[in-house]
2 protein chains.
Amino acid sequence: MTHRDALTDHLRQKIINGELLPGSRLSESALANQMDVSRNTLRETFRALTEQGLLGHVPYRGVSVKAPTEADVLDIYRCRRTVECSVMGQAHPQHPAVERMLRAVQEAESHVTDKNWLGMGSANMAFHEAIVALSDSPRLIRMFRNVSAELRLVFLMIEDPGALHEPFVKSNREILEALLSDGPEAGADALEQYLLESERWVLGAYGRRRID
Amino acid sequence: MTHRDALTDHLRQKIINGELLPGSRLSESALANQMDVSRNTLRETFRALTEQGLLGHVPYRGVSVKAPTEADVLDIYRCRRTVECSVMGQAHPQHPAVERMLRAVQEAESHVTDKNWLGMGSANMAFHEAIVALSDSPRLIRMFRNVSAELRLVFLMIEDPGALHEPFVKSNREILEALLSDGPEAGADALEQYLLESERWVLGAYGRRRID
DNA sequence: TCTCAAATATTGTTGAACAATCAGGCCTGA
DNA sequence: TCAGGCCTGATTGTTCAACAATATTTGAGA
């Protein structure tokens, strides 16, 4: 693993964790000094992260953390429905990723009592990543990874992320049950309902966002 | 538009057109001289194209044009079925992109008499890009763009690309007819049949490929 | 022929320099 | 007062040359 790849991962993580808030501009020289790399190396990572949709780039004005719009939220959920529901509808209930789904649900449930919103959100994400992993498709998984990262940016722009994850812990459990007891099509139906409802909540919260 | 963006597009086009064959290694200094840019600028474009899946990168061994494997072909078609069929199944038959689909079919048909395989392949691609455009989803369109470019690499590895496009010109016409006369679901069904059949042909031809 | 180490070539990374462009302040003229 | 234009400073775009880190090749010796 080269130095730059580590930097790319590191920067990506900082963005996803909210250490660099959506909309904030990333100065090349400042960040290069801070990260202790040269400008050229940093710029290479910028290209990769821009291609992943995490950074926006305007010529001669630099890059900034993308601040998804309402239209982006709609598009993100459209992608999620397209990919997740299709994968779920053709899933084998014996697929190893089902175990990952179960563990994610259990972890999310444990965080309900803790009121640990951050962990709950991560477990929620892990659940849906596991769903896409049912496909065994590297490209679908990578695409979902990018879309999912963009959705995290949306959460970062929202005031109260806790109330956004908690109601859906039970839904995820139900999706898993539907898949296991009634088959993939039932799972896909439950999943689509979840995604439509989640989209409504996120859009509502987006209207009350704190960051533009 | 900055110099580097133009270079990225240019290089991408050269790859898609087969001027740089799949598997061929791209020397930084040689290509930088040839393209008349600095190594650093070229490297930035490498990062972008790698993220798009057109180039493969191994640390300290450079980048090379990706030579998709049989597993890649399977994955590419899985993505195509997931995205294209889902979009088609929810399409509005009055969507402006339907006009693009029609024009693409007509152009492909005109190339049948010409035996212009290159133009036929491009028109075929344009037809399916138009299908995805039915979604009005920038992310789905971008993802399809990347997958579609990878598929072009597969075609470049294959001996006889002509025989691979010609039988499917009629199928595309039928898909369009199905959408217009019997609705989106019928269109999606026809499309899925097409994709499954096309996948079989491509896999077969891939077994007789000339490039590894 | 095989193995191992030195030589060679390529990529990874840096720092500095200059060119191109943008943002903001300042001045002028109406 | 305000619109327009110009200058200035700051940031990005791009190049170059150098060195470090790693891979590949060469070739000597057993």
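At a threshold of 4.0 angstrom between heavy atoms, the contacts of A/Asp5 with the nucleic acid are absent. Among the atoms of the strands shown, base atoms are found under 4.0 Å from some heavy atom of A/Arg39. Backbone-only engagement by B/Leu26 is indicated by non-hydrogen atom pairs under 4.0 Å involving sugar-phosphate atoms exclusively. Contact annotation for A/Arg43: base contact, defined as any heavy-atom pair under 4.0 Å involving a base atom. Residue contacts for A/Leu7: at a heavy-atom cut-off of 4.0 Å it reaches no nucleic acid atom on any strand shown.
Counting only heavy atoms from C-beta on, A/Arg61 has its side chain closest to C/dC22 among C/dG12, C/dT11, C/dC22. Checking D/dT15, C/dG12, D/dT11 against the side-chain heavy atoms of A/Thr2 singles out C/dG12 as nearest.
For the side-chain contact (heavy atoms from CB on, under 4.5 Å) with A/Pro68, the lone residue among A/Asp75, A/Leu74, A/Val154 that qualifies is A/Val154. Residue B/His165 forms a ring pair (Phe, Tyr, Trp, His ring centres under 6.0 Å) with just one option from B/Phe155, B/Trp201, B/Trp117, and that option is B/Phe155.
The distance from atom CZ of B/Arg25 to atom C1' of C/dT10 is 7 Å, rounded to the nearest whole Å. With rounding to whole Å, B/Tyr60 atom OH is found 12 Å from D/dC19 atom C1'. In this structure, B/Glu44 atom CD and C/dT13 atom P are separated by 14 Å, rounded to whole Å. Nucleotide C/dT11 holds its C1' atom 17 Å from the CE atom of A/Met1, rounded to whole Å. With rounding to whole Å, B/Glu28 atom CD is found 14 Å from D/dA21 atom C1'. Rounded to an integer number of Å, the gap from A/Arg47 CZ to D/dT14 C1' is 12 Å.
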Candidate pair B/Glu199 and B/Arg78, rule salt bridge (charged side-chain N to carboxylate O under 4.0 Å, His left out), full reasoning:
CA-CA 9 Å; B/Glu199 178 181 31; B/Arg78 169 173 268 275; over 6 Å; no
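If you take CE on A/Met143 and SG on B/Cys79, they are separated by 8.5 Å, rounding to the nearest 0.5 Å.
Both A/Asn40 and A/Gly62 lie near DNA chain D, and the one whose nearest nucleotide falls closer to the 5' end is A/Gly62. Remark on DNA chain C: of its neighbouring residues B/Ser29 and A/Leu42, the 5'-side contact belongs to B/Ser29, judged by nearest-heavy-atom nucleotide.
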